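Below is one structure; the comments refer to it alone.
Hydrogens, waters and symmetry mates are skipped; everything else that's a heavy atom, side chains included, is used. Please read all numbers here as calculations on a predicted model, not as lab measurements.
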Amino acid sequence: MELHYDVIVVGAGVAGPILSRNLAKKGYKVLMIDKKAEIGSPKRCGEGLGITNFKKYDIPLDKRFINREVYGAAIYSPSGYKLEIRYNRVAGVILERKIFDKMLAYYAAKAGAEVMAKTEAVGLIRKEGKIAGIKAKHEGEPLEIYADVIVAADGVESRVARWAGINSFLPPHEMDSGYEYEMVIENFEFDPDLIHLYFGNEVAPRGYVWIFPKDEDRANVGIGINGDNPKTAKYYLEKWLKENNIKGTKILEVNVGGIPVGGFLKELVKDNVVVVGDAARQVNPMHGGGMAEAMEAATIASKWIDKALSEENLELLKGYTEEWWAGEGQKLLRILKVRQISEKLSDDELDAAVQALSGADAEKIAAGDYKEVFKALIKNPKILLKPRMLKLLKEAL
């Protein structure tokens, strides 16, 4: 069977549906495919998303996919010092990703895009040396799908980018390993209006343990650690649960996955193939969140695809690479540098840092103003006693 479209999007996570919706609204013939039988399932996510993203990317605040509103975060140092960032307004939501992703695909379909679940890309079609489309299988039946532009939104293991000849190698050190339980929590107090993050080299090497509340006593409890660690993420999560007397006997769901925390693709476009979201490693390397980054990349990419198609000049697709790297890419590189510094800190230094930040401007910290973080740390006498720490901070500034 042979199909023809202006744009084919491979992957219906977050980036794929946003991009498909944007281009369908412009009147382009768009097809989005996803290998899963049910879009959104299984989830591979902590499910937290900042509230500003809904308005910014024109997504309805639909109660069907919002479990809970949260008002900030509590950060815990290895010795239990606490930094609380709390607002008097909703700061974010805990989603139900299985419904959220499906609804994003629905919004794309409602805008005019065609959507096909249980459809796996198995290769590229090349004609006269050029990429002309995608070879796919829909419920086992072979398909040839031709398109002017192909979008790789197929996640961190993106095959489409690799098939197109894009260097998508990711060093093991730039990948985190994630393990998460959705579970009922008993005999452990936590404020369900905040997300909770626990740091420490023995708690979660290079990462953190999180509690993202979905109910008063139900939450996503997960961990991210460096992917090249000799011990597994599950080992560290089970250890933390045991140390905090949290029983792992009411587990509703188990989620496992790799999280890119660096190695952003230099080449986001190759000929007529455009790479977005996790496939391009467009993930915040500090906290491992990728939904907002995927939305931003999809917004930029859809603008340049529209320009390239309307002007019948596919060379214009390269504008996406240039614009993303000039803005978002530079921001993520700065955050990556902060992460590389933070992973060198001892538990004593993490304790001192959390104590120092408790007196800083919490709103600026929450907004990602890392200079504010460094200024607060350098002023703290406990930090100044540690020359190595001071050197690292000055490097970052």
Ring-ring centroid check Y208 Y198, cutoff 6.0 Å: no
K250 bridged to E186 by N-O distance under 4.0 Å: yes
Single-linkage hydrophobic cluster, 4.5 Å side-chain cutoff, F212 and V93 together: no
Distance-only side-chain donor-acceptor flag, E144 / Y146, under 3.5 Å: yes
Salt-bridge criterion met for E69 and K63 (N-O under 4.0 Å): no
N187 side chain vs I246 backbone, donor-acceptor pair below 3.5 Å: no
salt_bridge(E243, K239) N-O dist < 4.0 Å: yes
same_hphob_cluster(I59, I94) at 4.5 Å side-chain heavy-atom cutoff: no
Contact check, side chains of F100 and I66, non-hydrogen atoms, under 4.5 Å: no
With D191, the salt bridge (Lys or Arg N to Asp or Glu O under 4.0 Å) member among K82, R86, R68: R86
Side-chain heavy atoms of E174 within contact of L336, under 4.5 Å: yes
Lys/Arg-Asp/Glu bridge criterion (N-O < 4.0 Å) met for E157, R44: yes
Sidechain N-carboxylate O distance under 4.0 Å for E323, K303: yes
Least distance between heavy atoms, R159 atom then V122 atom: NH2-CA, 4.5 Å
Residue pair Y28 / D306, side-chain donor-acceptor N/O under 3.5 Å: yes
Note: K25-D58 ion pair, threshold 4.0 Å (strictly below): yes
Closest non-hydrogen atom pair between H196 and Y76, with its separation: ND1-OH, 2.9 Å
E38 bridged to K98 by N-O distance under 4.0 Å: no
Carboxylate-amine/guanidinium contact E182 K43, below 4.0 Å: yes
Distance-only donor-acceptor check, side chains W325 and Q330, under 3.5 Å: no
Stepwise side chain to side chain donor-acceptor pair (under 3.5 Å) test for Y236 and E202: CA-CA 8 Å; Y236 281 102; E202 294 301 315; 5.8 Å; no
Main-chain N/O of I259 paired with D176 side-chain donor or acceptor, under 3.5 Å: no
Nearest heavy atoms of L314 and V149, plus distance in Å: CD2-CG2, 3.9 Å
Lys/Arg-Asp/Glu bridge criterion (N-O < 4.0 Å) met for K242, E238: no
Side-chain donor-acceptor contact under 3.5 Å, R206 with N201: no
Residue pair W210 / E180, side-chain donor-acceptor N/O under 3.5 Å: yes
